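Remember, predicted model here, so these are calculated numbers, not experimental data. Chain identifiers are assigned alphabetically (A, B, ...) following the order of the sequence lines, protein sequences preceding nucleic acid strands; residue numbering begins at 1 within each chain.
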Number of protein chains: 2
Amino acid sequence: MSERTYAILGTGALGGFYGARLQKAGLEVHFLLKSDYPEVSQNGLVVESKDGDFTLPQVHAYSDVAKMPRCDVVVVALKTTQNHLLPQLLPPVIKENGVVLVLQNGLGVEEEVAQIISGVSVIGGLCFLCSNKVGPGYIRHLDYGHITLGEYDSNYHPTGTTDKMRQIAEDFNSANIPMELVEDLLLGRWKKLVWNIPYNGLSVILNATTDELMADIYTRKLVEQLMYEVADGAKSTGRIIPDSFIQTMLDYTVKMRPYRTSMKIDYDERRPLEVEAIFGNPLRKAQAAGVNLPQISCVYQQLKFLDARINFSPLAKENFQKM
Amino acid sequence: MSERTYAILGTGALGGFYGARLQKAGLEVHFLLKSDYPEVSQNGLVVESKDGDFTLPQVHAYSDVAKMPRCDVVVVALKTTQNHLLPQLLPPVIKENGVVLVLQNGLGVEEEVAQIISGVSVIGGLCFLCSNKVGPGYIRHLDYGHITLGEYDSNYHPTGTTDKMRQIAEDFNSANIPMELVEDLLLGRWKKLVWNIPYNGLSVILNATTDELMADIYTRKLVEQLMYEVADGAKSTGRIIPDSFIQTMLDYTVKMRPYRTSMKIDYDERRPLEVEAIFGNPLRKAQAAGVNLPQISCVYQQLKFLDARINFSPLAKENFQKM
């Protein structure tokens with residue numbers, strides 16, 4: 001049994017799911033919560049899952065990071081729209097030589113984390129997970145769950161597979177979470193953006209599911225063009241995404257069940273959209289390399305407009321009350 | 001008094017307004033109608049206007065083009081989404097050496113008309129008109145009304161100002177419709193697209209009025225980028241739109257009252273959108289010259305998706321029942 005202790009920052013659909021699975025596998029896990037703290041500190045976590053339902057009647061729950069013990073691995077499972085909180089949240093809870101494991105979408109978060117805190121390893125994980133939080137401390141896991149893992153080095157210099165990566169993979173594998181180790185985190189992140197940029201963006205702007213976007217010849221073409229622009233962005237940072245990967249993503253999405261993307265769910269529930277992590281940061285990386293991505297830029301500007309409108313409208317939930 | 005006779009194909013907010021004004025000024029005008037035929041043939045046309053309300057209790061109304069007399073000037077005032085009807089509508093109603101006056105948005109319609117019928121002059125008019133049809137034969141004129149006029153020659157070769165243009169301007173001026181004559185119709189059409197492409201497109205896609213688009217820094221920037229792409233398109237066909245014109249359009253729109261674009265009104269009322277005339281044709285013209293307009297293309301593909309969705313949904317009105 002691993003002696004490594006875990007802190008989960010953001011006990012929602014993603015952090016709650018992975019943290020609960022780790023605790024169920026016997027690891028020591030500490031959960032930071034906000035609105036769900038009263039419920040979870042009393043009654044623990046419930047996970048309804050296609051892999052088997054389970055309940056953790058008792059968990060280490062916290063509403064204040066200052067009360068948490070320092071942990072070996074700190075899992076950043078917030079939405080990226082909450083990342084302005086990281087300078088307060090991370091330093092008190094991470095052990096020296098610990099690992100910050102960033103389980104978020106988009107690009108550039110590892111860089112931010114590395115600037116906040118030194119003397120730790122920063123590892124990025126790309127989660128392929130369909131899960132929802134259906135109530136306080138109540139998570140419904142619908143499908144998938146595997147994670148692609150890569151370690152961050154300054155300027156996203158490829159690290160190969162490292163011991164820290166292998167240790168974390170061991171822990172997650174013991175919890176039946178498959179982990180794939182990649183030698184180049186940045187390439188992994190760009191590859192995930194090949195899917196996330198067209199489908200997250202267009203699903204929000206056009207109020208559409210993935211199958212609707214693929215059934216129309218015009219949006220199907222636009223999806224493909226956006227994917228090629230992501231590949232241009234990757235190339236501007238020295239990473240090559242082959243055409244065959246793009247074709248595979250298109251075929252894969254056509255075969256998927258109709259899917260409402262995570263950004264569409266955020267939009268429908270009037271939560272802030274992860275526009276900067278998924279669109280803004282990749283655009284800026286490409287731009288810094290002198291490469292313009294006009295169609296991604298068009299979608300980005302449209303999303304910024306929609307994001308501002310849902311957040312500044314009177315109907316918007318008080319999002320900072322929520323993790 | 002002019003001896004020229006006019007046929008109005010499409011007696012809606014635009015055709016009904018201009019036709020009524022011409023008849024009121026003493027010209028002989030013949031109106032083609034579809035759904036409004038019973039009402040208008042009985043009770044004529046009503047125009048409520050900031051320039052003064054008036055009623056024409058009796059007008060020459062037709063539901064069938066074959067019953068119309070041949071006219072000197074045939075005004076095409078259909079929505080461009082109905083232009084597939086032109087090969088049936090135009091030939092029976094135009095006199096030899098007559099004029100087809102195309103009062104439509106977008107690009108390329110004059111070319112189509114010239115292919116349908118030879119031995120006539122084709123003149124394009126760009127209408128700056130705010131009017132609505134509020135009931136059968138009942139038109140509300142809100143603002144503006146002036147028209148920019150240019151004659152078509154093959155491949156949009158500039159014609160200078162011609163006698164036919166001057167004659168039509170005389171007739172419209174007698175009806176208090178100001179007409180500006182331009183020497184280069186294609187340049188005029190591109191200039192109008194500088195406004196129509198960003199505002200019509202984004203107002204539909206983002207469900208926004210012009211003032212909302214200009215108040216947000218991201219969409220304001222996107223509007224400007226789209227305008228510069230229109231200028232790139234114009235340049236690909238040899239027409240130069242100066243930067244100062246773009247800045248004037250931006251300033252002008254900021255100062256305008258909040259405005260719901262014509263395409264947004266069509267969308268809200270579930271009518272087919274004029275996507276091909278306003279977006280598709282300019283894109284194809286630029287592409288034929290080897291110039292790619294990626295952001296206009298992005299907006300075009302999004303609009304095609306939305307247009308198909310409103311037209312193929314069960315709620316869509318039977319648009320072909322309407323003029």
Tell me which of these, A:Asn207, A:Val299, A:Ile217, has more heavy-atom pairs under 4.5 Å with chain B than the rest.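 Looking at each of A:Asn207, A:Val299, A:Ile217 in turn, A:Asn207 comes out on top.
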Structural part of [X] lying under 4.5 Å from a heavy atom of chain A:
{"X": "B:Leu222", "answer": "both"}
{"X": "B:Ala208", "answer": "both"}
{"X": "B:Glu212", "answer": "both"}

In this structure, are over 12 heavy atoms from other groups packed under 6.0 Å from A:Gln247 atom CD?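 Yes - once you tally the heavy atoms of other residues, nucleotides and ligands closer than 6.0 Å, there are more than 12.
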Looking at B:Gln295 and A:Pro294, would you say the former's side chain and the latter's main chain have a donor-acceptor pair under 3.5 Å? yes
With no hydrogens and no angle check, is any side-chain donor or acceptor of B:Arg309 less than 3.5 Å from a backbone partner on A:Leu206? yes
Taking atom [atom1] of [X] and atom [atom2] of [Y], what is their separation to the nearest 0.5 Å?
{"X": "B:Ile296", "Y": "A:Cys298", "atom1": "CD1", "atom2": "SG", "value": "10.0 Å"}
{"X": "A:Leu306", "Y": "B:Tyr218", "atom1": "CG", "atom2": "OH", "value": "13.5 Å"}
{"X": "A:Lys304", "Y": "B:Lys221", "atom1": "NZ", "atom2": "NZ", "value": "15.5 Å"}
{"X": "B:Leu226", "Y": "A:Gln301", "atom1": "CG", "atom2": "CD", "value": "8.5 Å"}

What I'd like to find out is whether the side chain of B:Leu202 reaches to under 4.5 Å of the side chain of A:Gln302, using heavy atoms alone.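 In contact.
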Mind listing the closest non-hydrogen atom pair of B:Phe305 and A:Asp216 along with its distance?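 Closest pair (atom of B:Phe305, atom of A:Asp216, distance): CD1-CB, 3.6 Å.
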